[in-house]
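Below: the structure, in structure tokens.
Note on naming: letters A, B, ... go to the chains in the order of the sequence lines (proteins, then strands), and numbering restarts at 1 for each one. Not measured: the values here are computed from a predicted model.
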Amino acid sequence: MAFGKGHHLSLIDGSAFIFRAFHALPPLTRKSDGLPVGAVSGFVNMLWKLVEENKGPDAPTHVAVVFDKGSHTFRNDLYDQYKANRDEMPEDLRPQIPLTREATRAFNIACLEQEGFEADDIIATLACRAREAGGRVTIISSDKDLMQLVGDGVEMFDAMKNVRIGREGVEAKFGVGPERVVDVQALAGDSVDNIPGAPGIGVKTAALLINEYGDLETLLERAEEIKQPKRRQTLIENADQIRLSKRLVTLDSDMELDYGLDSLEVQEPVAEDLLGFLTEMEFRTITRRVAEALGAEVPVIEAPEAEQGEDAGDEAEEVPFDASAYEIIRDADALAGWIAEARARGWVAVDTETTGLNEMTADLVGVSLSVEPGEAAYLPLTHRAATSDDLFGSDELAEGQLALDEALDLLKPLLADPSVMKIGQNMKYDAKIFARYGVAVTPIDDTMLMSYAMHAGLHGHGMDQLSERYLGHHPIEIKTLLGTGKGQITFDRVPIDEAAKYAAEDADVTLRLWKAFKPRLHRARVTTVYETLERPLVPVLAEMEMAGIKVDKGTLSRMSNAFAQKMAALEDEIQELAGEKFNVGSPAQVGDILFEKMGLPGGKKGKTGKYSTPADVLEDLATEHDLPARVLDWRQLQKLKSTYTDALQDHINPDTGRVHTSYSIAGANTGRLASTDPNLQNIPVRTEEGRRIREAFVATDGHRLVSLDYSQIELRILAHIAGIDALKQAFAEGQDIHAATASEMFGVPLDQMTPDVRRQAKAINFGVIYGISGWGLARNLRIPRDEAQGFIDRYFERFPGIRAYMDDTVARAKETGYVETLFGRRINTPEINAKGPTAGFAKRAAINAPIQGTAADIIRRAMIRMPDAIAKLPATMLLQVHDELLFEVEEGAVDDLIGAARAVMEEASLPAVKLDVPLVVDAGQGANWAEAH
DNA sequence: TGATTCACG
DNA sequence: GACGTACGTGAATCAG
């Protein structure tokens, strides 16, 4: 029967898929010989999924996989720069290209390609013919270049994200319908394919213009009418280039093909061929699944003798993701059922959905649970009812939700049950939300922290990223539910059905990650790090963040006003000096004034072609001129006002009157914490004016703030790790370490030390921790480079262990791909074998990481022990600033707290590591942070 | 959104 | 031999 009405053609964009699969999926190699097969695996799984899913009435009747062939197409004849900036194909992908053709044939699916054409042209030609014949078409691709084909029975399907793209999807992407997509592309151009387009015009502007003028030709003819002078000029000047761009992006939908649509009819795979191929590739899971589905015997794939490496051999039972399998919990019985499932296993993955990202203010909207891969449920609690007036929505609760109190009463015993592990991704967030509803969550496992312990330095540890990388699955993005920018809605406004798919998937993903990571943690030998430095820190930080610190709004507000006045005066003075009005806050304009108008020396241009005006450059100029000096003053005030006195006021929680930061545990590669919203780890202290901001951080009535900080902890660690006897001895004797260094280097007796010599030694000491270079030290000390290099040479001569430590560390990193702290924390160094300037960066980072990381581990250990150590004191731990802990304590207990906390901090490395140097902790106390520090 | 600048350890 | 570099962070602002 000829292809026609009622038929459904599925066209798979094979080339695009394998490129995407290669980059999105974890690298996988064939065990017997190490052949890279990750992209092939992703491709095979996608094909099988289509075969499996397409058995319903809507199934394709015809199917083909289409590939690019050759690198020279008719587009290169039109424009020799077409796709000219494409990178070389990655080495590991090259051998997989022919394998994907083989896979297609093994599936008994037509495999199409044609010299001189791109896959997109073949797809366009076939899609148009099928449409003309009255059939339907699904293009399996997310390539925007194919979106021009959508409409009239043609739609696209993104197989990796599992989303359909119809007319609305195209409009969302391009701002115009499919018919006008090429017009927009012609204007906007494309840096990936090297389509020139119109300079300075992006998709947004292009859509605006096309919608206003109807189509590209009309627009170009009537370009004179455009109001914006820059746009008008661009379009007039580049008309030819734009028309060329249009020809480049327009697909050839009328190719000559020596086969017809009928030849693409779906055929059952031949079990022998398909299983033969899969066995050859050594894909265990899919081979078994295919064999079972085809009713064939499961072929045996020899297990490789010894499993090597930490990622080997834990190929979990793969259960496909299936949103339709997720349950919505609407009554107490159903919830009780899931709780029983969790208890039966001893674990459950938990994820909360809320109205915002700030745990202190966001409200609980729903909870999702998962107990096995693919088995997950969503418990909606406070979703709002939809109304006809969709501008504001309703404040009424949607129907079919269990009452919040009732649900929490049922969940509470489970979440606190010591025999059930609660698994989460960034559990600190969920635990804090639950805590506000009086529900404790313990014990916990956290997939984000598991990843951090194993993969610090390799990639981020967000759920989407981990899912893509380790599960090969792209989870639904939250923005598809909430939108972005101004029109963004909160999660309680998302319809329950839609919310459930997203939320349950998150719990499902978390559970799968947990199952994948558990065994790997052990193999990577970071279980101890995870168990002693990551997991126990979660409740400690949650407590600190919820405690917050009292900030006096009046003090900040007064300072803001004072800064504003001074800035206004400075601004007048600066413009007076410059002889013109300009934006003092614009580095580019400051640069023009200094280096063009005034003709001062030292102007360097950055990537953007603008003068760069960092503080050190301005400082040099300030010795001779007033203007740069005033600009520096202005900038300091601007910084203090905008980042601190203004912004901090907005962070004061109206309920508590306190500022609640959030610490990210897995943010910094070295093991340090990072503080956000607001960042309380960079409150000014170095200048007198800035330090006064700390006066606004106060203790409540009858209390004091107490600050304890490690003295020179990184240098002490360096002395220990590198085994520098002279440094160790100086620390043991309690000497001024920078003065001692200077004395050792320059032969000046301690009692004759000058501040300047000491300052230079201090800079060198810091430089060593950062992976010193002559250039860097010269810049820091403002001395000639050869002089700086002389200092370094002498330093290495006097402390030969330092050189050895640096060389060993870099060598180890090159060999293993990571460095470690004294406590076994692993920091991966993927760029250590890079070439060019990157190599320098990577080396210095590798030298610094064990030092900075060990210090971070030590204060983590202290923090974890602190709650027990101060349990009997009327004191609360509030903040951590890398080597400092800040407490709030009742007036009468200050000395007791200092004694207890100092002991914990000074002994924090024990018993795991006995340092060759003493750790010394300095303490201070006062009514505010300025006094306490 | 990326580049600049600057606050901290 | 030139190149371009101190380590680790987060936030505000400008400008396209």
Over all strands shown, is [X] touching base, sugar-phosphate only, or nothing at heavy-atom distances under 4.0 angstrom?
X       : answer
G585(A) : sugar-phosphate
I683(A) : sugar-phosphate
I772(A) : base
A615(A) : sugar-phosphate
Q638(A) : sugar-phosphate
D883(A) : sugar-phosphate
A763(A) : base
D677(A) : sugar-phosphate
P837(A) : nothing

Quick one: [X] [atom1] to [N] [atom2], roughly how many Å, whole number?
X       : N       : atom1 : atom2 : answer
E884(A) : dT9(C)  : CD    : P     : 20 Å
Q852(A) : dC8(B)  : CD    : C1'   : 12 Å
R231(A) : dG16(C) : CZ    : P     : 15 Å
D616(A) : dA7(B)  : CG    : P     : 12 Å
Y663(A) : dT9(C)  : OH    : P     : 17 Å
E714(A) : dT9(C)  : CD    : P     : 13 Å
Q789(A) : dT5(C)  : CD    : C1'   : 13 Å
L673(A) : dC8(B)  : CG    : C1'   : 14 Å

Suppose you measure atom [atom1] in [N] against the same atom in [M]; what distance do you get, rounded to whole Å?
N      : M      : atom1 : value
dT4(B) : dT5(C) : P     : 11 Å
dG4(C) : dC8(B) : C1'   : 26 Å
dA3(B) : dA6(C) : P     : 16 Å
dA7(B) : dA2(C) : P     : 36 Å

Could you check whether [Y] and [X], counting side-chain N and O atoms only, form a donor-acceptor pair closer than 3.5 Å?
X       : Y       : answer
S662(A) : T676(A) : no
T613(A) : R635(A) : yes
E596(A) : Y611(A) : yes
E831(A) : T838(A) : no
D552(A) : T555(A) : yes

From the list [options], which nucleotide is the closest neighbour of the side chain of [X]?
X       : options                  : result
N679(A) : dC14(C), dG10(C), dG8(C) : dG10(C)
S773(A) : dG10(C), dC7(C), dT5(C)  : dT5(C)
A674(A) : dG10(C), dT5(C), dG9(B)  : dG10(C)
V685(A) : dC8(B), dA11(C), dA6(C)  : dC8(B)
A647(A) : dG10(C), dG9(B), dA12(C) : dA12(C)
T676(A) : dG10(C), dC8(B), dT4(B)  : dG10(C)
Q636(A) : dT5(B), dA7(B), dT13(C)  : dA7(B)
K639(A) : dC8(B), dT9(C), dA7(B)   : dA7(B)
N682(A) : dG10(C), dA12(C), dT9(C) : dG10(C)
N848(A) : dG8(C), dA11(C), dC14(C) : dG8(C)

Problem - F791(A) and Y795(A) aromatic centres sub-6.0 Å - result: no
Exercise for the section: State, with a plain yes or no, whether a side-chain heavy atom of L919(A) is found less than 4.5 Å away from one of M905(A). Expected result: no
Exercise for the section: Indicate yes or no: at least one non-hydrogen side-chain atom of H660(A) is less than 4.5 angstrom from one of E545(A). Expected result: no
Quick one: is [X] getting a side-chain N or O under 4.0 Å of the [N] phosphate, OP1 or OP2?
X       : N       : value
S675(A) : dT9(C)  : no
T643(A) : dC6(B)  : no
R672(A) : dG9(B)  : no
R635(A) : dC6(B)  : yes
N583(A) : dC14(C) : yes
T613(A) : dT5(B)  : yes
K610(A) : dG16(C) : yes
S612(A) : dT5(B)  : yes

Handout entry: Base paired to dC7(C) (Watson-Crick or G-U; both N/O distances under 3.5 angstrom)
Key = dG9(B)
Practice task
Return yes if the base of dG4(C) and the side-chain atoms of R779(A) contain a donor-acceptor N/O pair under 3.5 Å, otherwise no.
Solution key: no
Problem - Aromatic F563(A) / basic K641(A) pairing, under 6.0 angstrom, 45° off normal - result: no
Handout entry: Upstream residue (5' side of DNA chain C) when A845(A) and W775(A) are each assigned their closest nucleotide
Key = W775(A)
